Number of protein chains: 2
Amino acid sequence: MTQAGYKQFCPVAMASEVLCTRWTMVLMRELVAGTTRFNDLRRGVPKMSPALLSTRLKELESAGVIERLPSRAEKGVFEYHLTPAGKDLRPVIEAIGNWGQKWVESTLSLRNLDPSLLMWDMRRNLDPSPLPPLRTAVQFLYSDLPSTKNCWWLVIEPDGEVDLCWSDPGFEINLYVTTDLRTMTAIWMGLATLESERDKIELIGDRKIAATMQVWLGLSPFAKQKKLAS
Amino acid sequence: MTQAGYKQFCPVAMASEVLCTRWTMVLMRELVAGTTRFNDLRRGVPKMSPALLSTRLKELESAGVIERLPSRAEKGVFEYHLTPAGKDLRPVIEAIGNWGQKWVESTLSLRNLDPSLLMWDMRRNLDPSPLPPLRTAVQFLYSDLPSTKNCWWLVIEPDGEVDLCWSDPGFEINLYVTTDLRTMTAIWMGLATLESERDKIELIGDRKIAATMQVWLGLSPFAKQKKLAS
DNA sequence: CTGTATCCCCCCGGATACTG
DNA sequence: CAGTATCCGGGGGGATACAG
């Protein structure tokens, strides 16, 4: 794999030695998105074993792409931050993501549904600006999933911080969203809209919050890229 | 590697399943550069075994990135051509190459010197326009290499076609270039210039051809990208 | 020239458990 | 929370020879 390198002076080959090993590009997407802590990275890359995650982080560090630094906020905790070289990988991630959005068939993408991944991404890209300056709680119920994994809550604090819960936070719920996982994922990826899927999605609660959902929902960073593959 | 996929609907993950397997990105660079035939691809990716090359080509074909078509020119010969999806990978290759040029230390790149690869790339990017409309033959002698691999000839035909030879083509030689492989590679990569290395490179022959060498040499597609890593 | 066929090693990386 | 330790199997892919 990394098992020797390509022995080519070409910059594409040299960069590929760093980036094109298993899981690395997906991990970089997570880092470029701003995740800094080990267990947060694990949530973004749940199928990657912690051992391999640790290995890759060290490789990226020695490649000069990330730095491991003690957290300013909490002592005894470390954070992984992009170096300038790492920040400069954003165009690479964007190019790959845009290509994937444009050319990978959505039937293939939508074969990989995962509610925790979807909710984790939704949390990250949620745009609180159209919401009232009060704590807002939204419940997502995926009617096609077993009860252990079908109910999620997003809690948007007045300061704009967003929390994701998998157990009832106990707050008053301002909006109940009921749909199936595939529909919600397609909407979030930009493959469909709330409008186009309105017969598959049920919104109950505050009408203003429901009306602005297409805005505060945020969507995937690649949702704007036009799709050309079926 | 491909051994299961990432199980993520994210376009970055889906695209990485196609692109981020061993050798694939380097092979794509070759295809994006316009190489179409199996043995030409082998020259561009010499350390890749033919079996794996064949496997990757099939994977790329089934991913919809390339098409295998019978050659129009020669019968019984097949060619690999980019599909629209494949052509759309050019920005991805460029992003990765530019990042590599900018951030991978040149001492690392220059550890992977290879005269046949360099000459093959030079052949491809050579710009015949400043040369006279006659057959032009240039000999490259790498004084630091064993005699089996130290002498190469580029023959530029009047129609602009460029041939690479590793045995004396027998034509009159218009320019003799003598240097070491590292210097020539650094120049071609844009890490140095003919001017900056003039004490390490000897040009004998037609003075006009020598004078325009920095132009007709063409350089790597990534040579213009500024270098930030030492 | 354009690939296939085969062999086989090695090591990648998945799983799981555990620790400071 | 932030990783490490260990085990182990499967298969990726390198090497080589050969075939249409």
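Here is how names work: the chains are called A, B, and so on, in the same order as the sequence lines, proteins then strands, and each is numbered from 1. Note that the coordinates shown come from a computational prediction; the quantities given were computed from them, not determined experimentally.
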Rounded to whole Å, how long is the line connecting atom [atom1] of [X] with atom [atom2] of [N]?
| X | N | atom1 | atom2 | answer |
| --- | --- | --- | --- | --- |
| A:Arg68 | D:dA2 | CZ | P | 10 Å |
| A:Tyr6 | D:dG14 | OH | C1' | 14 Å |
| A:Leu53 | C:dG14 | CG | P | 12 Å |
| B:Leu52 | D:dT16 | CG | P | 16 Å |
| B:Lys47 | D:dT16 | NZ | P | 11 Å |
| A:Met48 | C:dG13 | CE | C1' | 9 Å |
| A:Trp23 | C:dG14 | CH2 | P | 7 Å |
| A:Arg56 | D:dG3 | CZ | P | 17 Å |

Report summary line: Within residues 24-42 of chain A, those residues having any heavy atom closer than 4.0 Å to DNA chain D are A:Arg37, A:Phe38, A:Asn39

Query raised in the report: Just checking B:Lys75: base, sugar-phosphate only, or nothing, at a heavy-atom cut-off of under 4.0 Å?
Result: nothing

Restricting to nitrogen or oxygen on both sides, can you table the protein-nucleotides 7-10 of chain C pairs closer than 3.5 Å?
none

Report summary line: When the rotation axes relating C1' atoms of four end pairs to the next four are compared across the helix from C:dC1-D:dG20 to C:dG20-D:dC1, five pairs an end, they differ to 10° by 60°

Query raised in the report: Counting side-chain heavy atoms from C-beta on, which of C:dG3, C:dA17, C:dG13 comes nearest to A:Arg22?
Result: C:dG13

Query raised in the report: Is the distance between the ring centroids of A:Trp153 and A:Phe140 under 6.0 Å?
Result: no

